[in-house]
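So the structure is just underneath, and the comments pick up after that.
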Amino acid sequence: MTHHQLDASLATCHWGYFDAGLKPVLEIESGDSVTIRTVTGGPAHLPDGNATIPPEIHEIHAKAERMVPGHILTGPIAVRGAKPGQVLEVQIRSIKPRTDFGYTMFRPLGGTLPDEFDYHAFRYIHLDRERNIANLPWGMELPLSPFFGVMGTAPPAHWGRVTSLIPRAFGGNIDNKELGAGATLYLPVFVEGALFSCGDGHGAQGDGEVCITAIETALEGTFEFHLREDLSFAMPRAETRTHHITMGIDPDLDICAKDALREMIGLITSRTKLTREEAYMLCSLAADLRVTQTVNGSKGIHCMLPKSLVA
């Protein structure tokens, strides 16, 4: 197994979209690990003064092809031997902020209350990386809990270029705060090589991400990639040290909840001798349906079941 480093740059980033036609910027073997650096935001989001700004972001802003609004993503990474129908296991080994600032904002017609705040608002947030604390501009401190809002494989080739804003079967803008260091994400593979990209770094986020943004910031993460020929998922799944996670993604939260629940019932019956009706009852007794996000066009519900109940 080999370790690789993938820095953010004009040559390694794509802005605002996923596309099966993108050429990989790195090719690895199954089992390899990669430390990936990301940047975030447009020119208007960079602070003045003494903030630590990743230097490569200026050239990306000036020269990158962009599909906006959208996220600056690092990748794609090709995994040799990956084929449609397989699953890419993404073990998230570590995540840390690259800068000492983040920001949050909202805009008219966006967020969970699109008609109640008919103006733009923007706030910088200082990140104290030594104390692992975000200093909120209204005087509170918030523990940092970084994760990548966007992680995904390439979509099916016939979909063409698709926005990074809307999560879909390939993953993308999932915005699931459970996917921090120590978690594992399972992504369906739709094209040869899988073509994994990530970005949209978050310093912290509440379930829902209700105003459209978390603490948006640049991150560095180390991932280990494994091809899983023994798995076949229609939608992303995940696990933490303590829980199994299934996901539902749809513009309708009711449909999200049903899809996440059906996926969890399928997970339980595949790992145990329980019938579907017993698995359904177990979910009612022990599983938690949580709102992932309500702001990305397609919303999200994730279902969490303790691993102590299902190996």
Side-chain angles (χ1 to χ4, degrees), residues 14-22 24 38 66-79 82-90 92 110 147-179 183-200 202 205 207-209 212 214 225 228 231-238 245-264 266-267 290-303:
H14 50 107
W15 193 341
Y17 60 90
F18 284 86
D19 190 336
L22 280 172
T38 66
R66 64 189 70 181
M67 179 177 171
V68 293
H71 309 89
I72 302 175
L73 306 178
T74 305
I77 296 169
V79 183
K83 297 178 181 178
Q86 296 177 341
V87 168
L88 182 64
E89 177 182 320
V90 183
I92 306 166
F147 71 99
F148 290 89
V150 176
M151 294 179 283
T153 53
H158 65 275
W159 287 12
R161 182 166 292 189
V162 298
T163 177
S164 68
L165 294 177
I166 300 175
R168 300 187 187 276
F170 59 85
N173 196 23
I174 299 171
D175 281 334
N176 189 327
K177 73 175 188 178
E178 303 294 336
L179 301 181
T184 299
L185 176 63
Y186 299 91
L187 295 168
V189 175
F190 294 99
V191 300
E192 291 189 4
L195 301 183
F196 175 87
S197 300
C198 68
D200 188 29
H202 292 169
Q205 179 200 293
D207 281 336
E209 198 190 21
I212 265 188
F225 298 92
R228 297 293 301 269
L231 301 177
S232 180
F233 298 154
M235 294 294 293
R237 291 186 183 181
I245 303 174
T246 56
M247 304 181 198
I249 299 171
D250 191 86
D252 187 322
L253 275 177
D254 286 343
I255 294 175
C256 291
K258 292 176 182 178
D259 288 347
L261 179 58
R262 289 190 187 102
E263 287 285 308
M264 184 57 75
L267 184 152
R290 296 183 177 172
V291 176
T292 319
Q293 54 74 27
T294 56
V295 296
N296 293 336
S298 287
K299 301 177 178 68
I301 294 282
H302 55 282
C303 184

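All values reported here derive from a predicted model rather than from experimental measurement.
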Any salt bridge (charged side-chain N to carboxylate O under 4.0 Å, His left out) involving residues 191-200? Give me the pairs, sequence neighbours left out, ordered by first then second residue.
none
Side-chain donor/acceptor of Glu263 to backbone N/O of Ile245, under 3.5 Å:
no
Residue set satisfying side-chain hydrogen bond (donor to acceptor under 3.5 Å, both in side chains) with Asp207, at least two apart, ordered chain then number -> none
Student check: side-chain heavy atoms of Leu165 and Asn296 closer than 4.5 Å:
no
Ring centres under 6.0 angstrom apart (Phe196, Phe225)
yes
Give every residue pair that meets the side-chain hydrogen bond (donor to acceptor under 3.5 Å, both in side chains) criterion with at least one member in residues 150-159, sequence neighbours excluded.
none
How would you list, by chain and number, every residue that makes a side-chain hydrogen bond (donor to acceptor under 3.5 Å, both in side chains) with Thr294, sequence neighbours excluded?
Thr112
Taking the side chain as every heavy atom from C-beta outward, state whether Ile301 and Leu253 have any pair of such atoms under 4.5 Å apart.
yes
Check whether any side-chain N or O of Lys299 sits under 3.5 Å from a backbone N or O of Asp250 as a donor-acceptor pair, and report yes or no.
no
Taking all atoms of both residues into account, what is the closest heavy-atom pair of Thr38 and Gly199, and its distance?
CG2-CA, 4.0 Å
Distance (rounded to the nearest 0.5 Å) between Glu89 CD and Leu187 CG:
10.5 Å
What distance do Arg237 atom CZ and Cys303 atom SG have between them, rounded to the nearest 0.5 Å?
10.5 Å
For Arg161, side-chain hydrogen bond (donor to acceptor under 3.5 Å, both in side chains) partners two or more places apart
Asp19, Glu65
First locate atom NZ of Lys177, then atom CZ of Phe147, and finally report the distance between them rounded to the nearest 0.5 Å.
8.5 Å
Any side-chain heavy atom of Leu22 sitting closer than 4.5 Å to one from Tyr17?
yes
Would you check if Asp175 and Pro167 make a side-chain contact, meaning some heavy-atom pair closer than 4.5 Å?
no
State whether the side chain of Thr246 and the backbone N or O of Ala260 hold a donor-acceptor pair below 3.5 Å, judged by distance alone.
yes
At their closest point, which heavy atom of Pro76 faces which heavy atom of Ser197, and how far apart are they?
CA-OG, 3.3 Å
With Thr292, which of Glu178, Gln205, His302 fulfils side chain to side chain donor-acceptor pair (under 3.5 Å)?
His302
With sequence neighbours left out, what residues match Thr74 under side-chain hydrogen bond (donor to acceptor under 3.5 Å, both in side chains)?
none
Between Ser164 (side chain only) and His71 (backbone N and O only), is there a donor and an acceptor less than 3.5 Å apart?
yes
Here the pair of heavy atoms bringing Leu195 nearest to Pro24 is CD2-CB, 4.1 Å
In terms of relative ring orientation, are Phe18 and His14 parallel, tilted or perpendicular, with 30° and 60° separating the classes?
perpendicular
Tightest non-hydrogen contact, residues Pro251 and Ser298, listed as CD-OG, 3.7 Å
Please report the shortest heavy-atom distance between Ala157 and Ala20, naming the atom on each side.
CA-CB, 3.7 Å
Heavy-atom check, side chain of Met67 versus side chain of Thr163, under 4.5 Å:
yes
Pro155 and Val162: which non-hydrogen atoms are nearest, and at how many Å?
CG-CG2, 3.9 Å
Would you say the side chain of Phe148 lies within less than 4.5 Å of the side chain of Ile92, judging by non-hydrogen atoms?
no
Within a strict 4.5 Å, meaning less than it, do heavy atoms of the Pro156 and Phe190 side chains meet?
yes
Nearest 0.5 Å, please: how far is CE in Met151 from CG in Leu73?
11.5 Å
Measuring only between side-chain heavy atoms, which start at C-beta, is Met235 closer than 4.5 Å to Met247?
no
